[in-house]
Structure formats: C-alpha cells, structure tokens
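Okay, so here's the structure we're looking at.
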Amino acid sequence: MIALLLALVMLSPWVQAQSPLLVLDDSAQSIPVWSMLTMLPDPEHIYNAHELLNDPTAFGPLPETAGTLGVRPEAVWLRVPLALAPASDGQWALSIDYAPLNRIDVFLARNGRIVQQEALGNLVAPDLRPLPSRAPAMVLHLEPGARHDLLLRVQAQGAMILPITLAKPAALLGRALQEQMLQGVLTGLALCLLVYSLAQWVSLRDALFIQYALLISGSLLFSLQFFGIGAQYLWNHNPWLERHASGLSALMATCGSFLFIGQALAGGNPRHRLMRAMRVGAMGTAALAVAFALDVYDTQVLTSIVSILGLVPALMGIPGAVARMRQGDAVGATLLLAWLVYFVATATVIGVIRGWVPVNFWTLHSFQFGATLDMLLFMRVLGLHSKAQRTAAESTRIERDTLHSLAHTDPLTGLPNRRGLNLSLTAALTHCSPERLVAVYVMDLDGFKPVNDQHGHDVGDELLVAVARRLQGQVRQSDLVARLGGDEFVVMASQIANAEQAHDLGQELLESFHAPFSLDAHQVQVGLTIGYALAPLDSLDAVGLLKLADAAMYAGKQRGKFRVQRNPGDLALASR
C-alpha cells in the first residue's frame, strides 16, 4: 500500500512542482537565467507550447557553452520553471540583451495553462512588440503562490547568443538607460570621425580620407544593427535591413580596410604591387556584398566568408607595416597595434559564439570597443599621413624657393642678380609717376682691378662683399641693391619726390666710398663712378633705364671717374 502511494506521488504532476525552480526574490533585482534553462531543438518545427508544457521531459540540458548556443539555423525551445519568493510583488521583466535575434516567441504558463504570449525579436514589427526597447524585453504577469513555466522559442540567422535575465522593471530600465548612453557616446564619436573624414576628403581630395570614411561607415552600421539602435531609431521595421545590415556592414568595413591599408602602406602609388592586390580584394568584397544584397547566398555562408575575408587586409599589410616600423615610420607601428586590437576583439567574439568565453557586458561589447579603438588608431594614421604630406609640400616649397633664389641671386654677395633686378624694377615701374620717381643707379668701382692683381681674387671677392654691405647701409629698406657681375652694382630707389632728391642720394652713395675698406688682412681704397636715370622722366622701360644709367656711368668714367651724373637721354647709349 505504501509502495503504491509512493508510485502515485512520483507519477503525479505534483512531482513536477518539486523540480528545481528559479525563485524570483525582489532583493536580487536582476537574476541570470542561463543556468536554470533546459532546451529542445526544433529543426522540423513540429513542437508547440501546449504540448511541451505537458511534456517537460522532452527538454534536455544545455551545452557547456556559457550563454550561447552557437550558430544554429534551426529553432530552439528553452524552458525555465519559475516561482515567486513570498515577499515578491510579482513585478518582473524578461530581457534578452542581444538585439540580432530574429524572433522569440514567449509563453508564460501558470499552473500548466498559458496566460501570456508575446513575440519579440528584430523581425517582429515594433507595434507588435510589448516594449519599444532596443533588445527583446517584456513584462511578465506573475502571481505569488502560483507555479509558472516560461517557454521561449528562439530563431536566429546568425549566432544564438542568449544573455537572458529576469529583472525588476526599475533595474531593467536603469540598465537600458546606461546602454543607451554608452551607444550614444560611441555612435557620436564614430559620426564625428565620419564627418571629419568626409570634410577632409571634400577639401583635400585625398583618397585616404574617403577610404577611412567607408571603413568607419561599415563599422558604425554594424554596431547600430548589432545593438539594436538602428532598428529602434533609424529604419524602424525593415525586415530586409535587419537580415542584411550586419552582413553588408561587415563587407563594407572589409572593403574599406583593403583600400585604406593599401593606400596607407603604398603611399598612394597606383602601380605598387600591394595597392593593386588590395584593390582586387576590395572589388571582390564589393561583388560579394552585391550578391548578398540580392540573396544569392544566405547569412550562414556570409558568416564563413567574413570570418576569413575580414582578416585578409591585415595579413596582407603586416609585412609592409613591419618594414615601415623598422624604418622608424610611426604609420607601421600604429597599423600593427590596430590589427592587434582587431585580432583580440575578433577572438573574443568568436569565443563568445563558441562558448569559450562567458557572455557578459565586456565580451558582448568587445568588438565595438575594439572597433572604436581601431578607428582612433586609423585616425592617427590619417594624421601621420597628413603630416607627411605637409612635410613633403614644405620641402618642395623650400626647394622651389631655393632654386628661385639661386636663379635670381648673386652667389657671392647674396644680392639680387640681373634677373632679380629686372623683376623688381618691372614691378616698381608700374607704380611710378612724376610725383613718385624711380631712380636707377648703375655704378662701377674705380681701382678694383689693381686690388685683384695685387692681393688676389680671394681679397677681391672679399672686397665685393664689403662693397655690397656698404651700399646696403646707405639706402632705405625699400630700396634695392643688386650686382650685375664683376665690379658693377645697381641701386634702385623708388618713391623719389624729385630729381634733386635723386641726385642727392647718388651723391651720398659716392661720398660713402671716401672711407677705405678694412678687410681681414688688408686695408684697401676704391672709388665709385655712378650714372643714373629716372622713371618716368627719362624712360618707362626697365631695359631702357638700365641702358641710360649705364651710358651715364660710362661717360662719367671718361670724364675722370669718382663722379655721379644723370642721363636724361642726351648721352650716347654706348657700350664699353
């Protein structure tokens, strides 16, 4: 009799009530559910909630994968029995903090009868979801003292990651606000970098900036879809985008990586072997993206493709980056650090999917944090690239200025030569007038040849430099002293008020040569003969003015040297 009674008790539904329960105590605020779940795969879609409530033995234990069931194309049923602690107010919410889950059918049974049924997931229209949340969530209607069973039928195209928690509504809301704030900060940072790169591309037309923008766009779109921000705020209920956004964003980022890394390491040389290989990779990735958008292959195939293809740009770029780093180029070291971050973040995500790494806040966000750090490191690459371009442009400018200076400057004295004088004189003549005269003084040293013959050419060169400095000391800052060659110098003075002032300036130049020149080991005395002409009084042509002044100087030499005289046009334009 006792044995029969024991058998009846063991076979009765009352025994099921004694099975392990997840007790919801309000003091816990948030309770992870994973350890209490049992599962039942449903590849043929043959089970329904009513049958499974009456047959709990159909469920088996979860795999040892700590919060994830991996990549599963089939639907999976999950079950957890619930009970409220005596002091609980019954206000609890279900949350699955993984937005890419396509559909979750939730059934809440009380004492074996379904009392609540909802559909969650990114393929469910927003107006049909119980809460307008970023990730699947709903409020449960629980009653104290009753036995509850929670059934979930989960479907996902990609990884079936299941961070399922039961939380008090206030705790769920607080966690949701923190996540929204985090996503806002990271999304805002990505948008700032994107806008900056696009603005720089528009301004500079540097291909590296638009390639960086493509890379950031892919990474940003992936994060928006992965964390549910896109579906919540941007594209609302768009099943096509929900099915394709992750794949297209991953391929977009990979395409941008091919182009960006190739451009950064090849220096923009289109004939560089790495650049050509990277462009082929980018074109192949773009073709795969078009095929995926047209549903030529599904998400399962795409996952396999991206898991391999996503590493290719970095692997192809490592030799070039190492070579650049050995040369002391910071671009190489920065790229290697970025790829190290990428590999760690990718390995963490793979570990989460495979169940090798526990599912928590840090592991779920590892790829987003890694991608953000990568974006900042790649921005440093852009900065180094821009700095190198500025340095190259500055070197080019300096070289151009040096060549210009060599072409227009006397190498011995540093004064403008005939070409430099002609440029300055032509410019000054455009502003001259009868009230603003331009005076051109051509002068030749008296007694220079004996100095050269007696002391040598080195002393002669030293004397020419001293003459140049003395002439510069006698004129205004706006005036110009030039050397035409040999011992012949020219002074151009602008903004002269009248002919008398011009003659006075010539006389001052002449008198400055009364004093001897003290060189390193010698003291020498040379004189000066000056001829000058005025514009626009004597001529308005630069060559004509020089010829008039030269003729005046030559005439002065013939009349006894060490004198200054003007040529208003009546002196013969003779050549010596």
Side-chain angles (χ1 to χ4, degrees), residues 33 42 45 67-78 93-107 117-139 151-165 172-173 175-177 179-180 182-184 186-187 217-253 289 292-293 295 297-303 306 349 352-353 359 361 363-365 367-368 371:
V33 177
D42 188 12
H45 306 283
T68 178
L69 297 179
V71 179
R72 286 177 175 264
E74 76 274 12
V76 173
W77 285 89
L78 301 171
L94 168 71
S95 172
I96 308 175
D97 196 15
Y98 185 65
L101 295 173
N102 298 140
R103 185 180 177 93
I104 308 102
D105 292 296
V106 182
F107 303 90
Q117 178 178 345
E118 300 287 358
L120 312 176
N122 62 3
L123 296 185
V124 177
D127 55 347
L128 298 179
R129 301 175 194 174
L131 291 176
S133 56
R134 176 188 59 82
M138 62 176 287
V139 176
L151 290 178
L152 296 90
R153 184 178 183 275
V154 185
Q155 290 178 280
Q157 287 181 318
M160 198 174 286
I161 299 173
L162 298 167
I164 305 174
T165 58
L172 177 63
L173 178 60
R175 192 170 62 202
L177 290 175
E179 182 65 33
Q180 294 283 13
L182 173 65
Q183 294 304 318
L186 296 180
T187 300
S217 298
S219 179
L220 176 60
L221 180 60
F222 182 85
S223 293
L224 290 176
Q225 199 277 337
F226 187 85
F227 291 98
I229 302 298
Q232 188 178 17
Y233 295 112
L234 300 179
W235 52 78
N236 202 357
H237 180 56
N238 189 321
W240 185 89
L241 265 177
E242 286 297 329
R243 292 189 180 96
H244 295 84
S246 292
L248 290 177
S249 60
L251 292 172
M252 185 187 301
F292 179 67
D295 294 319
Y297 58 94
D298 60 16
T299 305
Q300 303 267 338
V301 177
L302 176 71
T303 302
V306 171
V349 172
V352 168
I353 294 173
V359 178
F361 172 84
T363 56
L364 280 177
H365 291 79
F367 193 83
Q368 188 180 30

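Bear in mind the structure is a predicted one, so any value in this text is a computation, not a measurement.
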Roughly how far, to the nearest 0.5 Å, is the [atom2] atom of [Y] from the [atom1] atom of [X]?
| X | Y | atom1 | atom2 | value |
| --- | --- | --- | --- | --- |
| T187 | L234 | OG1 | CG | 9.0 Å |
| Y98 | L364 | OH | CG | 8.5 Å |
| L120 | L128 | CG | CG | 11.0 Å |
| L224 | S217 | CG | OG | 10.5 Å |
| N122 | Q157 | CG | CD | 8.0 Å |
| I161 | L69 | CD1 | CG | 10.0 Å |

For I104 and E118, what are the C-alpha separation, side-chain angles and deciding distance, and is it a side chain to side chain contact (heavy atoms under 4.5 Å, CB included)? CA-CA 8 Å; I104 308 102; E118 300 287 358; over 6 Å; no
Is the shortest side-chain heavy-atom distance between [X] and [Y] below 4.5 Å?
| X | Y | answer |
| --- | --- | --- |
| Y297 | L302 | yes |
| Q232 | Q180 | yes |
| H365 | Q183 | yes |
| Q225 | W235 | yes |
| T299 | F292 | yes |
| V139 | L172 | no |
| L162 | V76 | no |
| D105 | L152 | no |

Where [X] and [Y] come nearest, the two heavy atoms and their spacing:
| X | Y | answer |
| --- | --- | --- |
| A99 | F226 | CB-O, 3.5 Å |
| S246 | F222 | O-CD1, 3.8 Å |
| G218 | S249 | O-CB, 3.2 Å |
| R103 | V124 | NH1-CG2, 3.7 Å |
| W240 | L248 | CH2-CD1, 3.7 Å |
| A231 | E242 | CB-OE2, 2.8 Å |

Please walk me through it: do M160 and T68 pass side chain to side chain contact (heavy atoms under 4.5 Å, CB included)? CA-CA 6 Å; M160 198 174 286; T68 178; 5.6 Å; no
Any donor-acceptor N/O pair, S223 side chain to L220 backbone, under 3.5 Å: no
Got a donor-acceptor contact below 3.5 angstrom from the D298 side chain to the V301 backbone? yes
Could you work out, with salt bridge (charged side-chain N to carboxylate O under 4.0 Å, His left out) as the rule, every residue matching [X], not counting sequence neighbours?
| X | answer |
| --- | --- |
| R153 | D42 |
| R129 | none |
| R134 | D97 |

Given the rule in the side chain to side chain contact (heavy atoms under 4.5 Å, CB included) test, do L78 and L151 qualify, once you have shown the distances and angles that lead to the verdict? CA-CA 6 Å; L78 301 171; L151 290 178; over 6 Å; no
Do N102 and Q155 pair up side chain to side chain, a donor and an acceptor below 3.5 Å, judged on atom types alone? no
Run R175 and S95 through side chain to side chain contact (heavy atoms under 4.5 Å, CB included) and show every step you take. CA-CA 11 Å; R175 192 170 62 202; S95 172; 3.5 Å; yes
